[in-house]
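In what follows, a single structure is set out as structure tokens and then discussed.
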Amino acid sequence: MAPAYDTTLGLYIGGTWRTGEGRDTHAVLNPATGETLGHLPLATVADLDEALVAADRGFKAWRTTAPDARAAILQKTAVLLRERADRIARIATTEQGKILAEAKGEIAFAAALLDFHAGEALRVYGRVLPRPAGTRSLVLHQPVGPVAAFCAWNFPVMNVVRKLAPALAAGCSIVIKPSEETAGSAVEVLRCFQDAGLPGDVAQCVFGVPDMVSRQLLASPVTRKLSFTGSVPVGKHLAALAAETMMKTTMELGGHGPVLVFDDCDLEKTLDTLVAHKFRNAGQVCVAPTRFHVQEGIYDAFATGFAARTRAMAVGDGMDAASQMGPMANPRRPDAIAGLVEDALSAGARLLAGGERRAAGNGFFYQPTVLADVPLTARAMNDEPFGPVALLRPFATVDDAIEQANRLPFGLAAYCFTENGRRQNLLGDAIEAGMIAINGVRLSFPDSPFGGMKDSGHGSEDGPEGVQAHLTTKTVHMF
């Protein structure tokens with residue numbers, strides 16, 4: 001059997017791979033064991049400047065490349081990603097921790113994103129305005145320019161593709177900085193693009209000290225768009241840097257997903273759906289269901305059923321087929337979750353399941369946890385947990401539920417479970433979130449926009465809106 005972590009870590013600048021000579025390095029860890037998998041070279045200021053020069057050069061050529069040629073490269077990349085899925089999934093699981101089945105599903109979705117954006121490359125339309133004979137007014141949509149993109153570590157393949165695909169479809173070049181903690185997955189994605197024929201100047205992949213990299217890329221006049229996925233505080237910091245040059249921004253920031261469960265739902269089906277989704281990727285998902293507001297009449301039954309299902313989950317190495325939840329991605333996360341749980345319990349919450357680290361050698365494991373009757377003053381009810389913690393509270397009326405759903409400054413994802421059609425329409429209108437799922441949990445589709453509102457950011461990824469975010473509008477009047 002091939003080794004689980006089978007990749008050479010490096011920087012990709014101007015069409016060549018750079019290794020660690022003369023550069024500081026970052027240790028990439030296996031979160032299931034704590035062992036070091038490899039050492040990642042970190043970009044210097046000179047590397048970043050070279051990447052910017054390449055991106056500027058690449059944009060001038062790529063923007064004039066025929067849309068069908070751009071589409072063909074995206075389609076070929078999707079083919080290669082599917083062909084290499086088993087190997088790349090093992091790399092992703094080994095460095096990020098999620099169970100292997102989830103890693104394979106992530107790669108399948110990333111390939112679907114590439115296919116969709118290949119089609120969108122052919123659908124960048126403008127329009128002709130009605131004018132007197134002999135004159136014309138044209139509205140054109142053109143690529144905005146080189147993009148600086150920053151990725152989170154929780155979906156190490158999909159997040160990288162989600163940045164690259166719309167930028168390339170629109171005709172932009174890109175300098176992408178994936179997470180240093182999941183570098184191997186990003187490297188393999190870039191190799192798929194390289195082998196599909198993407199010119200080396202069009203996409204650069206760099207790693208480094210985040211603050212230095214972001215300041216260097218965003219201060220450059222070359223960079224015309226920022227695309228960021230990550231936490232709210234970092235997102236606000238980067239948006240402030242981007243404002244200095246008035247560049248276009250897409251900010252996909254944190255969430256604190258409310259779940260409204262009404263007494264007319266199919267309770268058993270709802271529980272089966274929500275428990276599996278809550279602990280997907282150990283809860284390290286920006287759209288994870290987190291605050292479970294349950295109508296009083298079914299609250300006790302919901303809490304009992306949720307806790308029983310949670311206690312039955314098998315936690316272990318993501319490479320083990322028996323595991324239903326893997327470790328957290330880095331050593332910081334179990335400590336952060338433990339602090340939130342301890343705070344909630346001290347505020348009066350009841351522990352129904354979990355609430356402790358799992359003894360598993362040096363891995364970064366935390367048991368899937370259910371807390372009931374969590375006071376609104378608990379930190380976990382106000383700060384995004386980003387981990388395997390479900391927070392339960394009862395509500396009485398629809399108005400109460402909507403008030404709780406909208407209480408926080410986050411507005412990324414929300415979930416509602418009710419069989420009442422009139423109520424479904426009301427909730428869809430009243431809840432302040434960029435994405436709402438009713439009687440289901442899936443929010444990501446290649447053809448639908450993905451993004452939030454309020455502190456959860458602005459702009460959309462995926463769908464036609466994702467490509468539109470990489471275009472600028474120009475009007476040409478001819479007299």
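The side-chain contact (heavy atoms from CB on, under 4.5 Å) test with Glu95 is passed by exactly one of Leu37, Thr7, Leu29: Leu37.
Side-chain polar atoms of Lys225 and Thr250 form a donor-acceptor pair below 3.5 angstrom. If you check the side chains of Lys163 and Thr229, you find a donor sitting under 3.5 Å from an acceptor. Counted by atom type alone, Asn154 and Asn281 present zero donor-acceptor pairs between their side chains at under 3.5 Å. Between the side chains of Ser214 and Gln216, no donor-acceptor pair of N or O atoms lies under 3.5 Å. With no hydrogens or angles considered, no side-chain donor-acceptor pair links His256 and Thr290 at under 3.5 Å.
A search for side chain to side chain contact (heavy atoms under 4.5 Å, CB included) contacts involving Glu432 returns Asn406, Met453, Lys454, not counting sequence neighbours. Partners of Arg84 by salt bridge (charged side-chain N to carboxylate O under 4.0 Å, His left out), not counting sequence neighbours, listed by chain and number: Asp195. With sequence neighbours excluded, the residues satisfying side chain to side chain contact (heavy atoms under 4.5 Å, CB included) with Ala112 are Pro446. Qualifying side chain to side chain donor-acceptor pair (under 3.5 Å) partners for Thr473, counting only residues two or more places apart in sequence or in other chains: His141. Qualifying ring-ring contact (aromatic ring centres under 6.0 Å, His included) partners for Phe193, counting only residues two or more places apart in sequence or in other chains: none. By the side chain to side chain contact (heavy atoms under 4.5 Å, CB included) test, Arg407 pairs with Leu376, Met381, Asn382, Gln404, sequence neighbours left out. In this structure Arg70 satisfies the salt bridge (charged side-chain N to carboxylate O under 4.0 Å, His left out) test with no other residue, sequence neighbours excluded. Residues satisfying the side chain to side chain contact (heavy atoms under 4.5 Å, CB included) test with Asp383, not counting sequence neighbours, are Arg379. With sequence neighbours excluded, the residues satisfying salt bridge (charged side-chain N to carboxylate O under 4.0 Å, His left out) with Arg162 are Asp462.
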### Task
Just do the side-chain contact (heavy atoms from CB on, under 4.5 Å) check on Leu412 and Met435 with the steps written out, would you?
CA-CA 6 Å; Leu412 187 59; Met435 297 169 288; 3.8 Å; yes

### Query
Could you walk me through whether Tyr5 and Asn30 pass the side-chain contact (heavy atoms from CB on, under 4.5 Å) check?
CA-CA 9 Å; Tyr5 200 73; Asn30 181 339; over 6 Å; no

### Query
Can you list the steps and then say if Gln142 with Arg63 is a side-chain contact (heavy atoms from CB on, under 4.5 Å)?
CA-CA 8 Å; Gln142 298 180 331; Arg63 68 177 301 178; 3.9 Å; yes

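Every pair passing ring pair (Phe, Tyr, Trp, His ring centres under 6.0 Å) that includes a residue from residues 153-186 is listed here, sequence neighbours excluded: Trp153-Phe386. Every pair passing ring pair (Phe, Tyr, Trp, His ring centres under 6.0 Å) that includes a residue from residues 17-60 is listed here, sequence neighbours excluded: Tyr12-Trp17. Listed by first and then second residue, the salt bridge (charged side-chain N to carboxylate O under 4.0 Å, His left out) pairs involving residues 49-58 are Arg18-Glu50, Asp56-Lys60, Arg57-Asp201 (not counting sequence neighbours).
Here the closest heavy-atom approach between residue Cys205 and residue Leu190 is recorded as CB-CG, 3.7 Å. Summarising the geometry of Phe279 relative to Val389, their closest heavy-atom pair is CE2-N, 4.3 Å, with the distance given to 0.1 Å. A pairwise comparison of heavy atoms in Tyr415 and Val441 identifies CE2-O, 3.5 Å as the closest pair. Contact record, Ala390 with Phe292: CB-CE1, 3.7 Å, taken as the closest heavy-atom pair. When all heavy atoms are compared, the tightest approach of Leu217 to Thr223 is O-OG1, 2.7 Å. Taking both residues in full, the closest heavy atoms of Pro289 and Val259 are given as CB-CG2, 3.3 Å, listed atom of the first, atom of the second, then distance.
Other residues, nucleotides and ligands place no more than 12 heavy atoms under 6.0 Å from the CZ atom of Arg136. Within 6.0 Å of CZ on Arg127 lie no more than 12 heavy atoms contributed by other residues, nucleotides or ligands. Counting heavy-atom neighbours within 6.0 Å of Met246 CE, excluding the residue itself, gives a total of 12 or less. Asp447 CG: more than 12 foreign heavy atoms inside a 6.0 Å radius. Within a 6.0 Å sphere centred on CD of Glu35, heavy atoms belonging to other residues, nucleotides or ligands number more than 12.
The structure places CD of Glu180 at 12.0 Å from OG1 of Thr25, a figure rounded to the nearest 0.5 Å. Note: Leu9 CG to Glu188 CD = 9.0 Å, rounded to the nearest 0.5 Å. Here the CG-CZ distance, from Leu81 to Arg191, works out to 14.0 Å after rounding to the nearest 0.5 Å. To the nearest 0.5 Å, the span separating OG1 on Thr93 from CG on Asp317 amounts to 8.5 Å. Interatomic distance, Leu48 CG to Gln204 CD, rounded to the nearest 0.5 Å: 11.0 Å. A distance of 8.0 Å separates CZ of Arg82 from CG of Leu114, quoted to the nearest 0.5 Å.
A 4.5 Å side-chain heavy-atom check between Ser323 and Val315 finds every atom pair outside the cut-off. Contact of the Pro199 side chain with the Trp62 side chain is registered, since non-hydrogen atoms from C-beta on lie closer than 4.5 Å. Annotation: side chain of Ser227 is not in contact with side chain of Phe150 (no heavy-atom distance under 4.5 Å). Looking at Arg280 and Lys98, their side chains never come closer than 4.5 Å, going by heavy atoms from C-beta outward.
At distances below 3.5 Å, not a single donor-acceptor pair connects side-chain atoms of Glu461 with backbone N or O atoms of Gly466.
Glu21 has a carboxylate O that lies under 4.0 Å from a charged side-chain N of Arg23, or vice versa, which qualifies the two as a salt bridge.
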